[in-house]
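Quick notes on the structure that follows.
Positions are given from 1, in the same order as the sequence printed here. Numbering of ligands and ligand atoms starts at 1, following listing order.
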Amino acid sequence: MEPFSRRLQESLDRRHRDGLYRQRLTLESSQGPVVRLAGRQYLNFCSNDYLGLAAHPKVIAALRRAAADYGVGSGASHLVCGHSAPHRELEEALAAFTGRPRALLFSSGYAANTGVLGTLLQRGDHVFEDRLNHASLLDGGLHSGARFQRFPHNDLSALQARLEAASGPKLVAVDGVFSMDGDSAPLAELAGLCSAQGAWLMVDDAHGFGVLGARGAGSVEAAGLDTDTVPVLMATLGKALGTAGAFVAGSELLIEGLIQQARNYIYTTAQPPALAAATLASLELLQEESWRREHLAALVKRFRRGAGQLDLPVLPSTSAIQPLMVGEPEHALALSERLREQGMLISAIRPPTVPAGTSRLRVTLTAAHSEGQVDRLLEQLAVCWRGA
Ligand SMILES: *Cc1c(COP(=O)(O)O)cnc(C)c1O
């Protein structure tokens, strides 16, 4: 076999052998608490549609309306002629909602994170990242040209030691809510440490935005921080907002710098204008209807109480992400498959997404779930765990 095919085949074989082979599910319905797969209904506990807005009638209507007015494709990158009124309106609304001077849309969170880090950092700088950060933050830091250092999860004294030992421009980047563990970064303490050390703090709030904070503006709002203390805020639109894309919010200077220099912003087609209009409708729902956040918080409490009574290995998370620690990938996969036979969709998360030996079931709750559905989940988990 020639080298590329051989390498691909070997890596596939290795994944099969190690229980790490991944398969895609093909949904035949919209996202929601109940989804259809191969003609069968499943209770869905693995989406990031935390507020249940991905198929909300008002969001769908906004997309339809804007498609009638603006068509489907944006036709070009933002800097050529792909930037349209819905993009602009959404950027202004996101800036106002996060209380920041400006916001900039990106086509994905992955592009936003790698774009920001690639723009801000250069050789001679230092970037510090929590070791459990999302892959896009880690990749952005690794490829930035700056000296890249990971610190142990949420370990402020380890970070402080690394910051003190470094000279030159320093940036600290963390997830607001960690995507596979569901716990939060200690943002207030991190902000204090960063300002004492003259470092910038960047927060990726993919899982906090729309869910946490008194108004739903996320982890940074919940921690009482602002543009001075967290100069770079990034969040995605494909999770709680139920659409797609991402944004970065910060100072006039940061946003103008990104528009001029971020390669992931400049050299890519703008997201469809109708998608921006749909996100604007989601953002309005988020601001007008706080019951979704409240219901979700109540479901999280209910799940944790039930899981505690059943002695299930829940991690210390108060977010919508409620992982159950398993350990070995084959075991996590077997549990996930057993649950699927019972009509429950819960994904097994395995390396390299999580460190070796920490394979888990990642349960996610959404505002669209009912109390009864959470109770069903607990019953099935109890049965499957006993059989394990
Ligand atoms: C999902 C996610 C991203 C990537 O966002 P996409 O829009 O899906 O590319 C970035 N950071 C975190 C923490 C995420 O969970």
Donor-acceptor list for residues 271-283 side chains, cut-off 3.5 Å, not counting sequence neighbours:
{"from": "Thr279", "atom 1": "OG1", "to": "Thr243", "atom 2": "OG1", "distance (Å)": "2.7"}
{"from": "Thr279", "atom 1": "OG1", "to": "Leu275", "atom 2": "O", "distance (Å)": "2.9"}
{"from": "Ser282", "atom 1": "OG", "to": "Leu241", "atom 2": "O", "distance (Å)": "2.7"}

> So, Asp139 versus Ser136: side-chain donor-acceptor pair below 3.5 Å or not?
Replying inline: no

> For ligand 1, which atoms, with element, lie under 4.0 Å from some heavy atom of Ser136?
Replying inline: 10 (C), 11 (N)

>> Using a 4.0 Å cut-off to any heavy atom of Tyr110, which atoms of ligand 1 qualify?
In response: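 Once the distances to Tyr110 are compared, the set is 4 (C), 5 (O), 6 (P), 9 (O).
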
> Just wondering, do Val232 and Leu120 contact through their side chains at under 4.5 Å, heavy atoms?
Replying inline: yes

> Of the options Glu288, Glu294, His295, Glu289, which is the one that meets Trp291 in a side-chain hydrogen bond (donor to acceptor under 3.5 Å, both in side chains)?
Replying inline: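 For Trp291, the side-chain hydrogen bond (donor to acceptor under 3.5 Å, both in side chains) test succeeds with only one of Glu288, Glu294, His295, Glu289, which is Glu289.
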
Run the side-chain donor-acceptor check on residues 178-188: report pairs under 3.5 Å with partners two or more places apart or on a different chain.
{"from": "Asp181", "atom 1": "OD1", "to": "Arg360", "atom 2": "NH1", "distance (Å)": "2.8"}
{"from": "Asp183", "atom 1": "OD2", "to": "His153", "atom 2": "NE2", "distance (Å)": "2.6"}

For [atom], what's the nearest protein heavy atom and its distance?
| atom | answer |
| --- | --- |
| atom 6 (P) of ligand 1 | Gly109 N, 3.2 Å |
| atom 2 (C) of ligand 1 | Lys239 NZ, 2.4 Å |
| atom 11 (N) of ligand 1 | Asp204 OD2, 2.5 Å |

> Mind checking whether His207 has an N or O less than 3.5 Å away from an N or O of ligand 1?
Replying inline: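 Yes.
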
